[in-house]
Amino acid sequence: MTMTSAEIRQSFLDFFASRGHTIVPSASLVPDDDPTLLFTNAGMNQFKNVFLGLEKRPYTRAVDTQKCMRVSGKHNDLEDVGRDTYHHTFFEMLGNWSFGDYYKKEAITWAWELLTEVWKLPRERLWATVFKDERGELETDAEAAHWWQEVTDIDSQHVLFFGRKDNFWEMGETGPCGPCSEIHFDRGPEYCDKQDVPGHVCRVNGECGRFIELWNLVFIQYNRDETGRLEPLPAKHVDTGAGFERLVSILQGVDSNYKTDLFSPIMNRIQELAGHSDAEREENIVAYRVIADHGRAITFLIGDGVLPGNEGRNYVLRMILRRAARFGRKIGFQEPFLAEIAKVVIEIMGPHFTELPARQKFILETITQEEKRFYRTLDAGLALLDEIMDELAAAGETVIPGKKAFTLWSERGFPLDLTKDVAAERGFTVDEDGYWQAMEEHRLISGAGQRFEALGESEIEVYSRLLDDLRQKGKLPPQGVLHLYDGRVDLDTEVVALLKDGRIVTKAKEGDEVEVVLASTPFYVESGGQVGDTGFIAHYHEDEGEPRWEVEVQETYQPLPGLIVHRGQVVAGTPRVGDEVWAVVDYERRLDIARNHTATHLLHSELRYVLGEHVQQAGSLVTPDRLRFDFTHSAMLTQDELDAVERSVNDAILANYPLEVVYTDYHSAVESGAIALFGEKYGERVRVVKIGAPEKPFSQELCGGTHVSRTSEIGLFRILSESSVGAGVRRIEAVTGRAAQRLAQSRLNVLDAAAAYLKCRPEEVDRKVLSLMGELQSREKEIERLQRKIAQRDFETLLTQVRDVGGVRVLAARVEATNIETLREMSDWFRNRMGSGVIVLGAVMAGKPNFVAAITPDLIQRGLHAGQLIKAVAQVVGGGGGGKPTLAQAGGRDVSRMGEALSLVPDLVARAVSSETG
RNA sequence: GGGGAAUUAGCUCAGUUGGGAGAGCGCGGGCUUUGCAAGCCUGAGGUCACCGGUUCGAGUCCGGUAUUCUCCA
């Protein structure tokens, strides 16, 4: 009786739960607070700070299945996915963890027990590896080897020793590390894919597919310092990882991950959609695998709040999605189909990863939208490719240069295989060598940019040591600084630490910039988009009205969980560690922030009501002055929509809904309909802010921020702007309360003033302005008409100055004109009237001389050229010019010599004409 | 983080050594038709993304910024 994948996952979690482990939910695929990492790529990511000793958890034993993505680097290459049966972009990593609790004995015992007794894998097919340094520098892991023999009934011949590459695990250049012990499974000789290689012998850590690694038990016992030395750790940890998909394939007895029940429903759905026979499915198996694998990846990524975009992780998502779409096209899909694949993924994985069904509509819409975008770029690329081929065909070529093909790819995202296909239809080929050469050049130029830079660890270490120290001395409770911001704005407490210029000090003096750590604090710490509080920390002596010392707090932040730091300036006295203080928040400012924050929730709720449930928060900023709310929506909001949203928010304010804050656990909160945000990390206990009647809340969100107690306190809500942040994300900025009142007042004052100037009622200002603008426009036209009339009159008198130069009618004159267009127009009249001739007109515009020269086409053949003519004229006034043979213009600097310049024209014409005849 | 491309009328886009800002669709008015689809005539609509530089002169050349697209890491 084979187990389903869901049963296997659950049995893993249950097995360790029954041995004192806390079942921990998978962390998001988007690592928070770790800029060195594009995606969560291993089970230990979320515990990294625990291993580093920077963070404490309420448990010492944990078990989980972690969502992981590997798209580049040593572990995986996107291009390989689909070619074999076991590489994936998205996968689950099962793990059990000990944080300074049990160690090698238990880890080995339980792993063996689970594999052989619960999952009933035959022990004769299991192998274990243990660390033995090939350089002899590090200690052999005799302890692990001992326990393998002692607590398991593994065949003693099946315990092997391997060196650093396979059995020593390090997190990075420095940090926690240690030996590991791997468990391998022998799938049998029929799985060997190297049988035709001479001299090949199947073995553990060999080249072939017969032995595969099932489970890695890492024993963290050292810390590697900057000099590369290994220091034994006081607390030893266990970090294990078992690739879930591979495990399922073994337990279900299939030879490919894609044949497990994690993938086969997806593969079947692809076949159904494509209308393929079984033979056709086998022919296109690589495409099937790619679509199935990538389908899972994109579903989970979007489920964790990643949107397709053009940089960083957003770009990776787009790349994976488009790769899947491309393979889909290859096997015959003509329109977006990936949402159908995602539906199956959600069906399979939804029961355990509940964020998927909760976000289903959004996930599917996002996928289809991006797929459509991709089809559009393909269309654009096709048009461009056609153009390129047209040009080549005209030149008698049939090979598309590699560089052109690469440009299609790098600028339009148009893939090479498609270029080849389309080219072949018209009998063209592609210079692939040139393509790869261009790709290499591009890679060198753009890939030379540095990688992500690691954060300054030293700063963190100062805080980390400080926090440990304060806890040990009992200055702070185990959970750290008490954060008592909820519902209060002041409290009495004690200074437990002071920092100046990043160093721990015992006192500070007036004027110093300091960081103050208090035993408890009423200051809200920047979080969830809400800015931190400002205010004062002051030390009073009994019965004295004035404080002995006072610090003006400008910023509060949390460098580590449990540690809250107030940064500010000492405005009076000398603060000392140990002083009793009164910490008080700037109340008015806190209230302004609360108004904006509550209004943000109302806005979120109304946007979903007005625009639809696809609206998801994509970011927010709440300050005392204004609020900014980013959300997913594909189109610009119309004025009607904005009006509707603004009106509904104000209606909700007027309804004077009460607010209620409740603490509950994450799952029941989400189940009762509370909105949780993408990419946010929530603990088990969450804070829910409900607006409206408690039994039927108007809005409920998981939120740690500060709020008003009834909506009417918000006052007025007014949208300032609506704009775009990126593809599919819009931004609304708005004000409330005092800021809205100030805005309304100043706007109305301006309106009143405008009405007074216009001598009309404020309600009529827009109409009045429109009619004035209309009038202004018609007057401008009238002026233009009159100017033309004057010009025409001047032109008539000019005609009397036409001279005959060698049989050519020539007119050179200075006129009054305010723009170059008038000069051109006059030259048109001249040409129309004379039929044949040369005209050069000059006028002063903005204090500088300008010229236009025009020559009728018949005279061009006699060697005349307006451009050359005017160049010579302009030289006299210190300028230059040029143009076409028939029409040219020029400018200069010296107004006083304009007459002289124009007087040259007859001679110049005469010379040009005579050189032609002579 | 880096490379490349794009940004011109409400929309889709032309604009080739720097020298008259254009087309199609859409919109307004008029004509034709029994009516409709349409056709004909005519009109309005532009800070050529923004800022700076070169030049007598910049949609066009150079530098920077913003936004969008795209590739590499």
Side-chain angles (χ1 to χ4, degrees), chain A residues 35-36 38 71-73 77-79 308-316 318-319 322-323 370 373-374 376-381 383-384 387 391 403-416 435-436 438-454 636 723-729 731 773-774 777-778 781 819-828 831 842-854 865-895 897-898 901:
Chain A
T36 63
L38 209 50
V71 285
S72 62
D77 192 348
L78 189 58
E79 292 300 317
N310 54 2
E311 53 189 6
R313 49 182 72 104
N314 310 84
Y315 178 62
V316 174
R318 168 170 288 173
M319 206 164 60
R322 291 187 175 192
R323 188 160 186 265
E370 176 61 22
R373 227 192 299 269
F374 180 50
R376 272 206 298 277
T377 73
L378 287 186
D379 286 343
L384 209 67
E387 237 173 76
E391 272 175 36
K403 203 162 177 118
K404 293 252 183 199
F406 180 72
T407 307
L408 271 171
W409 170 238
S410 74
E411 285 169 16
R412 308 292 180 122
F414 200 78
L416 175 66
Y435 176 89
W436 292 112
M439 169 72 95
E440 194 50 37
E441 276 169 34
H442 178 66
R443 201 190 293 271
L444 282 176
I445 292 168
S446 60
Q450 332 83 310
R451 306 208 180 110
F452 290 103
E453 250 178 66
M636 194 171 95
S723 58
S724 164
V725 187
V729 181
R731 166 172 294 174
M773 275 169 40
Q777 194 182 28
S778 69
K781 288 209 156 168
N819 55 47
I820 207 101
E821 279 73 32
T822 308
L823 292 185
R824 272 202 295 262
E825 206 167 356
M826 291 173 86
S827 74
D828 285 342
R831 283 187 287 184
V844 178
M845 294 165 197
K848 284 180 165 184
N850 279 279
F851 301 96
V852 163
H865 189 286
Q868 282 157 17
L869 175 64
I870 203 130
K871 200 170 277 181
V873 172
Q875 261 165 13
V876 178
V877 291
K884 296 178 293 188
T886 51
L887 184 77
Q889 59 192 62
R893 296 193 178 93
D894 191 352
V895 176
R897 299 184 66 188
M898 271 186 79

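First the proteins, then the strands, lettered A, B, ... as listed; each starts at 1. Fair warning: this is a prediction, and the values are worked out from it, not measured in the lab.
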Euclidean distance, atom CZ of residue A:Arg323 to atom C1' of B:C71 [Å, nearest integer]: 16 Å

Please state whether the phosphate of B:A73, meaning OP1 or OP2, lies under 4.0 angstrom from any side-chain nitrogen or oxygen of A:Tyr315. no

Rounded P spacing from B:A49 to B:U60 in Å: 8 Å

B:C71 C1' sits how many Å from A:Glu440 CD, rounded? 14 Å

Could you state the CE-C1' distance from A:Met439 to B:C72, rounded to the nearest angstrom? 8 Å

On a whole-Å scale, what distance lies between the P atoms belonging to B:G29 and B:A37? 15 Å

Tabulated below should be each protein N or O lying under 3.5 Å from an N or O of nucleotides 57-60 of chain B; please produce it.
none

In whole Å, I'd like the distance from the NZ atom of A:Lys884 to the P atom of B:U17. 11 Å

May I ask which nucleotide in the shown strands pairs with B:C40, Watson-Crick or G-U wobble, both distances under 3.5 Å? B:G30

Can you measure A:Trp436 atom CH2 to B:C71 atom P for me and round it to whole angstrom units? 14 Å

Of A:Asn850 and A:Thr886, the one whose nearest nucleotide on RNA chain B sits closer to the 5' end is A:Thr886

Just how far, in rounded Å, is P of B:C71 from CZ of A:Arg322? 6 Å

Pairwise P distance for B:G59 and B:U47, with rounding to whole Å: 13 Å

Nearest to the side chain of A:Glu411, heavy atoms from C-beta on, is which of B:G20, B:A5, B:G3? B:A5

Taking for each residue the nucleotide of RNA chain B with the nearest heavy atom, is it A:Arg831 or A:Gly878 whose nucleotide lies nearer the 5' end? A:Arg831

Just call it for A:Gly881: base, sugar-phosphate, or nothing, with non-hydrogen atoms closer than 4.0 Å on any strand. base

Determine yes or no for a side-chain-to-main-chain donor-acceptor pair under 3.5 angstrom, with A:Arg897 supplying the side chain and A:Val877 the backbone. no

Checking only heavy atoms, does the side chain of A:His442 share a donor-acceptor pair with the base of B:C71 at less than 3.5 Å? yes

